[in-house]
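In what follows, a single structure is set out as structure tokens and then discussed.
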Amino acid sequence: MTEDIRVRYAPSPTGHLHIGNARTAIFNWLFARHYNGTFIIRIEDTDSARNIADGEKSQLDNLAWLGLDWDESPDKPGEYGPYRQSERNEQGVYQEFIDALLANGQAYKSYKTSEQLAEEREAQQAAKQAPHYIYEYEGLTNEEREAKYAEFEAQGLKPVVRFRVPEEKVFAWDDIVKGHIEIGAKEVGGDWVIQKADGMPTYNFAVVVDDHLMKISHVLRGDDHVSNTPKQMMIYDALGWDVPKFGHMALIINGETGKKLSKRDENVLQFVEQYKELGYQPQAMVNFIGLLGWSPKGEDEIFSLEEFKNMFDETRLSKANAKFDQKKLEWINNQWMRRDTAAVMPQLIQELVNADLISESDAQLKKDWLADVIKIAGVDGISYTREIVALVRKPFFELGDVTDEMVDYLTSDDGRKVFDAWEAAYTALPNDATAEDYMAAIRGIQNDLEIKGRNLWNPIRIATTHEIQGPNLPEMLVVLDKNTVLQTMADIKQKYLN
RNA sequence: GGCGCUAUGGUCAAGUGGUUAAGACGUCGGCUUCUCAGGCCGAAAUCGAGGGUUCGACUCCCUCUAGCGCUACCA
């Protein structure tokens, strides 16, 4: 690749950053950075009805959170601005080319109402024909057509501009991921709208103008754009422009339905923000997404953005759709959290504050202790930081109920003997006893009483924590407050062992 | 319906004529002698179906089937 590589991610600000869009953004970024190209963000906001407030900011913030950076964008204008289609439209960027196409007869104004359009379509469907736009000025001279325009205008109708499709042509390209593809112009459904009644260009027209003007060299996008490609190519053709290289990546699909991940699916978390809130690490998200529809050469699975960038190879993009496997994401996140627990620790502690287990100020004061608790509670087994709350709550912050099963352990002959021995041993141990000390004490009881296994451990565990299972008991005893534990034991004794 | 794309285990996937068909997630089993978590060890696919081509095909060709995508004054 010797020419200047310029690629773009062009979201419409209709909501938060979707996993599918994030993938498009990541791969475009990878492509740009791997080849020392330029990465551009362009906002495609030509559908004013669907734009939402803060949609753009949210997209950008989430992209940044993932670790991406960009060279040109609305918030970082380069020499090809503006970078919002709405602003470009205001500047007449599209109008110029629409006028040119209108002037040379490659486009025309159409005044059909949506009712008329719907009727045509229904009639075609009833006749088992593929929906196809019917050109209304067939056989008319330019003058006659202009006269029609005037007539419609007089009726107060607003026109759209349609592109006159050269039906006999076939458009072909060598797709970066799918190889050679060709589609006949007649398959696009007839003359399509390039400018809406409100004056906004349509997507398929605006992309072409912008990609050309912004000197985009490679367009990497989702599979769902394959059938848009001939439409876009005919515009490049009509305007005499060179076509960029296209690459259509397989889609991410919903594991349940097998369909393209849709923003309306509620059974899958599909916005980057949702994962962020649960405490997924950005590196893990990138790692997971980078492995969906792309595979590295070796056998490793854990990669940073930087490593992906270095390894990137567009020929290893997969052609088949990939199901979104949340379990794998969880595993990858777990791997990233464990890579550097110290870095994630503040987040983990924040989760406890958010869950009202401890106040912000106390958390600050006791952060070393909290770190110990979190480690002992089993941080190595969680998938995302939010999960630490449930692990840590009992018995470190609250005691659970004493169940019948626990009472049975306590009140059995062995249980009573163990309790008494443990009470004596625990009381005798110093406040700064270590896990080894506690272990030695318990082993001592085991030897003295010749009781082992559950019958030995459960009474002690229950008496000190109200739990029948949990993390390593000696380690827990180190972090548990001794007076509290003594009190817990006293309560147990008083309530069940008298 | 039309057009296009895709097809290796539950999932992500490596593999480009001759391999014991990598690896990972998940699952199951065992071990780590309190449990949980973690760790360690191990198990499980003949490559959508049917035809070819070839000494030999998951790898090449054909047909079929299935799935997905698009078919808007949405992007």
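Naming convention: chains lettered A, B, ... in sequence-line order (proteins, then strands); numbering from 1 in each chain. We use all heavy atoms of the structure for the numbers below, so side chains are in, but hydrogens, waters and symmetry mates are not.
Note on A:Lys328 versus A:Glu301: salt bridge recorded, some NZ/NE/NH1/NH2 to OD/OE distance being below 4.0 Å. Using a 4.0 Å cut-off between charged nitrogen and carboxylate oxygen, A:Lys178 and A:Asp175 do not count as a salt-bridge pair.
Separation of the P atoms belonging to B:G10 and B:G48 is 12 Å when rounded to the nearest angstrom. Taking atom C1' on both nucleotides, B:A49 is separated from B:G67 by 15 Å, rounded to a whole Å. Comparing the same atom, P, in B:A21 and in B:A57 gives a spacing of 14 Å after rounding to whole Å. B:U63 and B:G69: their C1' atoms are spaced 23 Å apart (whole Å). On the P atoms, B:G39 is 9 Å away from B:G26, given to the nearest whole Å. Remark: the separation of the C1' atoms in B:C36 and B:U20 is 38 Å, to the nearest Å. For the C1' atoms, the distance linking B:C60 with B:U53 amounts to 8 Å, nearest Å. Separation of the P atoms belonging to B:C58 and B:U8 is 15 Å when rounded to the nearest angstrom.
Contact annotation for A:Gly222: no contact, since no heavy-atom pair falls under 4.0 Å across all strands. When heavy atoms are screened at a 4.0 angstrom cut-off, A:Arg316 is found touching the sugar-phosphate backbone but no base atom. Across all strands shown, A:Lys259 has heavy atoms under 4.0 Å from sugar-phosphate atoms exclusively, and none from any base.
Judged by distance alone, the side chain of A:Glu423 and the main-chain N or O of A:Met489 form no donor-acceptor pair under 3.5 Å. For A:Thr411 (side chain) and A:Val407 (main-chain N/O), a donor-acceptor pair under 3.5 Å exists by modelled atom type.
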Quiz item: Yes or no on salt bridge (Lys or Arg N to Asp or Glu O under 4.0 Å) for A:Asp237 and A:Lys169, after CA distance, side-chain angles and deciding distance?
Solution: CA-CA 11 Å; A:Asp237 242 29; A:Lys169 289 196 181 170; 3.2 Å; yes
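Nucleotide B:A75 is matched to nothing when pairs are restricted to Watson-Crick or G-U wobble geometry with both distances under 3.5 angstrom. When both distances must be under 3.5 Å, the Watson-Crick or G-U wobble mate of B:A37 does not exist. Across all strands shown, B:G42 forms a Watson-Crick or G-U wobble pair, both distances under 3.5 Å, with B:C28.
In this structure, A:Phe324 has its ring center under 6.0 Å from that of A:Phe288. Aromatic pair A:Tyr135/A:Tyr108: ring centres closer than 6.0 Å.
Distance from the side chain of A:Ala130 is smallest to B:G1 among B:A7, B:C68, B:G1. For A:Trp331, the listed nucleotide lying nearest its side chain is B:C25; candidates were B:C25, B:A13, B:C68.
B:A22 atom P lies 16 Å from atom CD of A:Glu301, rounded to whole Å. Per the geometry, CG belonging to A:Asp300 stands 15 Å off C1' belonging to B:C12, to the nearest Å. Atom-to-atom, NE2 of A:His248 to P of B:C5 comes out at 12 Å; the value is rounded to the nearest Å. We find that CD of A:Glu299 is positioned 13 Å from C1' of B:A21, with the value rounded to whole Å. If you measure from atom CD of A:Glu256 to atom C1' of B:G67, you get 17 Å, rounded to the nearest angstrom. When the P atom of B:C68 is taken as reference, atom NZ of A:Lys323 falls 10 Å away, rounded to whole Å. Rounded to whole Å, atom C1' of B:C68 lies 14 Å from atom CD1 of A:Ile252. What separates CG of A:Leu291 from P of B:A24 is a distance of 13 Å, to the nearest Å.
A donor-acceptor contact closer than 3.5 angstrom links the side chains of A:Gln232 and A:Asn204.
The only member of A:Asp210, A:Asn28, A:Asp211 that meets side chain to side chain donor-acceptor pair (under 3.5 Å) when paired with A:Arg8 is A:Asp211.
By the 6.0 Å and 45° rule, A:Lys245 does not stack over the aromatic ring of A:Trp173.
Counting heavy atoms from C-beta on, the side chains of A:Gln195 and A:Pro201 never come closer than 4.5 Å.
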Quiz item: How would nucleotides 27-48 of chain B be written as a contact map, 5' to 3', with B for base contact, S for sugar-phosphate-only contact and - for no contact, using protein heavy atoms under 4.0 Å?
Solution: -------BBBSSS---------
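Close to B:G1, at under 4.0 Å from its OP1 or OP2, lies no side-chain N or O of A:Lys128.
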Polar-atom pairs under 3.5 Å, protein N or O versus N or O of nucleotides 70-75 of chain B: list them with distances, or write none.
| unit_1 | atom_1 | unit_2 | atom_2 | d |
| --- | --- | --- | --- | --- |
| B:C70 | OP1 | A:Lys260 | NZ | 2.7 |
| B:C70 | O4' | A:Ser227 | OG | 3.1 |
| B:C70 | O2' | A:Ser227 | OG | 2.9 |
| B:C73 | OP2 | A:Arg162 | NH2 | 3.3 |
| B:C73 | O2 | A:Ala197 | N | 2.9 |
| B:C73 | N4 | A:Lys112 | O | 3.4 |
| B:C74 | OP2 | A:Lys196 | NZ | 3.0 |
| B:C74 | O2' | A:Asp47 | OD2 | 3.0 |
| B:C74 | O2' | A:Arg50 | NE | 3.2 |
| B:C74 | O2' | A:Arg50 | NH2 | 3.2 |
| B:A75 | OP1 | A:Thr46 | OG1 | 2.7 |
| B:A75 | OP1 | A:Lys196 | NZ | 2.6 |
| B:A75 | OP2 | A:Tyr203 | N | 3.1 |
| B:A75 | O3' | A:Glu44 | O | 3.4 |
| B:A75 | O3' | A:Glu44 | OE1 | 3.2 |
| B:A75 | O2' | A:Ser12 | OG | 3.2 |
| B:A75 | N6 | A:Asn228 | OD1 | 3.2 |
| B:A75 | N6 | A:Asn228 | ND2 | 3.0 |
| B:A75 | N1 | A:Asn228 | ND2 | 3.4 |

